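Just the heavy atoms: all of them, side chains too, but no hydrogens, waters or symmetry mates, feed the values below. Note that the structure is a prediction, hence the values are computed from the model and not measured. The chains referred to below are lettered A, B, ... by the order of the sequence lines, with proteins before strands, and numbering in each begins at 1.
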Amino acid sequence: MPQYTLTYFDIEALGEPIRMLLSYGKIPFTDNRIDFEKDWAKFKAAMPMGQLPILEIDGKVMYQSMAISRYLAKQVGLSGANDLENYEIDNAADNINDFRAKIASAAYESHEEAKQHKYEILKKETIPFFLNKLDKIAEENNGHFALKKLTWADLYFTGLINYLNFIAQEDLLANHSNLRKVVENTHAAPGIKEWVAKRPKSNR
Amino acid sequence: MPYKLQYFNARGTAEPIRYLLKYGKINFEDVRIESSDWPKIKATMPMGQMPILECDGKRFFQSVAICRFLAKKVGLAGSNELENLEIDSIADTVVDLRLKIMAVSFGPQDKKAEGMKTLKEETVPFFLSKLNAIAEENNGHLACKKLTWADFYFAAFVIMFQFGAQEGEKVWEKYPALKKVKENVENIDEIKKWIAVRPVTDL
């Protein structure tokens, strides 16, 4: 079995879907957590695109969390059976990523006035729009995001949810029961259940 | 099997899809929506966005997912999952750069000048020099030392990167390996023919 080392910050966010995929596949991995204040500045220059997470597979450095997730999903049986099914999962994951990017655009805005304005639009329009659309997809797929079954799109969303709540500054699942079902279904999956019980506590 | 692609009158995120369809010699209707018509069409789109690709009554959206799907059809995907991961990482990186440029372009107007300066001096050089190093290692390609949809995905956005660099085509002189990636794609017969006839747009 290849040696896996994940390097990320000491938070869930974009590292968590990868941790969940490896856990689901019962693949042992080194969960390397970088101290942002102390270590990131010097680490950053050594990263392929100056970002985390990275996953080392037998020493080869892989980056881009969605690409890594898609790859691991194939290893652990959480991808589609054909190209069309994989498209459906990719589509769901891309929608989730779009949602994340829109929230992040507000959260990481450096100009205070622009930030406030962005959060206004986020709360009034963007978040309700995406939550309704995503909830509908989850309803059509019986508490999943694609193919009416557990796929890596479910893990991508569930891995991110605490982080999304943190940067959105609200409980995104409060009024969307189908999305809550996705998270529940994922947390109940073998391997992930054990991981969630023992993982370091984080608010994002 | 008639495909129908709908997007604005621009290259944008539809262009890599057009490149892949042309490369695969797949006939498609290249529908361009007027901005004035967009508000009412937007409501009919699955996630309120374009491009959208229709085939046999089914609608496909999310441009990167579509590209990955088409690449498999036209023989531009990896030959194993590790190769596909390598290609995906490049496509995602191109998306990261594109989003940073678009954030400035479509961001608050009073911050635009400052944003464009950061793009020109920091962001675009950072990404392009990293991608150039990757293209050097891969002999004028962006993944797997061969032509893949990663090359097409990059080549389709050159006008966007030129916009961010604020230098026009001259910018590629600084990144010779990326220039090779661009030329490798643009010299393909079907792509060359498409470039000669495609509508001229700013982005």
Side-chain angles (χ1 to χ4, degrees), chain A residues 2 47-51 54-55 57-58 60-75 79-80 82-99 101-102 104-105 108-111 113-115 117-118 125-126 129-130 132-134 136-137 146 153, chain B residues 13 45-49 52-53 55-56 58-73 77-78 80-97 99-100 102-103 106-111 114-115 118 122-123 126-127 129-131 133-134 143 150:
Chain A
M47 296 296 110
M49 292 301 299
Q51 290 182 303
I54 57 160
L55 182 70
I57 306 176
D58 282 340
K60 187 163 157 68
V61 178
M62 306 299 188
Y63 63 105
Q64 285 294 356
S65 64
M66 288 186 78
I68 293 169
S69 297
R70 184 177 302 103
Y71 171 78
L72 288 176
K74 287 169 192 161
Q75 313 308 308
S79 59
N82 56 52
D83 292 344
L84 211 48
E85 288 200 350
N86 280 321
Y87 158 77
E88 198 177 322
I89 302 169
D90 282 349
N91 175 293
D94 283 352
N95 289 329
I96 295 162
N97 189 49
D98 277 358
F99 187 37
K102 291 218 188 282
S105 167
Y108 298 105
E109 173 57 62
S110 49
H111 295 104
E113 210 182 296
K115 185 171 179 163
H117 178 67
K118 278 186 176 180
E125 296 171 18
T126 320
F129 175 82
F130 271 91
N132 287 335
K133 292 274 184 183
L134 292 173
K136 184 148 181 290
I137 294 170
Chain B
T13 50
M45 292 288 148
M47 291 298 294
Q49 290 182 302
I52 194 145
L53 183 69
C55 171
D56 293 338
K58 188 168 157 66
R59 298 207 292 178
F60 296 80
F61 61 106
Q62 283 297 355
S63 64
V64 185
I66 293 171
C67 284
R68 185 176 301 105
F69 176 74
L70 288 176
K72 289 169 194 169
K73 270 188 185 296
N80 59 52
E81 295 315 333
L82 267 174
E83 287 199 351
N84 282 324
L85 170 52
E86 205 182 319
I87 296 168
D88 283 346
S89 307
I90 295 297
D92 286 354
T93 300
V94 169
V95 170
D96 279 355
L97 176 55
L99 287 176
K100 288 193 193 288
M102 303 232 324
F106 291 97
Q109 285 308 295
D110 57 336
K111 304 285 181 266
E114 188 189 327
T118 306
E122 294 171 24
T123 320
F126 175 82
F127 274 86
S129 50
K130 294 270 187 188
L131 288 170
I134 292 169

Could you check A:D90, A:D98, A:N91 and say which one makes a side-chain hydrogen bond (donor to acceptor under 3.5 Å, both in side chains) with B:Q62?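 With B:Q62 as partner, side-chain hydrogen bond (donor to acceptor under 3.5 Å, both in side chains) holds for just one option, A:D98.
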Which heavy atom of [X] sits nearest to which heavy atom of [Y], and what is that distance?
{"X": "B:F69", "Y": "A:Y87", "result": "CD1-CB, 4.0 Å"}
{"X": "B:E81", "Y": "A:Y71", "result": "O-CD1, 3.4 Å"}
{"X": "A:A67", "Y": "B:S89", "result": "CB-N, 3.8 Å"}

In terms of heavy-atom proximity below 4.5 Å to chain B, should [X] be classed as side chain, backbone, both, or neither?
{"X": "A:I68", "result": "both"}
{"X": "A:E109", "result": "neither"}
{"X": "A:M66", "result": "both"}
{"X": "A:E88", "result": "neither"}

Could you tell me which of A:K74, A:R70, A:M49, A:K133 has the largest number of non-hydrogen atom pairs under 4.5 Å with chain B?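 If we count pairs closer than 4.5 Å to chain B, A:R70 comes out on top.
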Under 4.5 Å heavy-atom distance to chain A, tell me which part of [X] shows up: side chain, backbone, both or neither.
{"X": "B:E114", "answer": "side chain"}
{"X": "B:F126", "answer": "side chain"}
{"X": "B:I87", "answer": "neither"}

Residues in salt bridge (charged side-chain N to carboxylate O under 4.0 Å, His left out) contact with B:D96, at least two apart in sequence or another chain: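 Counting only residues at least two positions away or on another chain, B:D96 forms no salt bridge (charged side-chain N to carboxylate O under 4.0 Å, His left out).
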Testing B:L85, B:D88, B:T93, B:I90 for side-chain contact (heavy atoms from CB on, under 4.5 Å) with A:Q64, which one passes?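 Exactly one pass, corresponding to B:T93.
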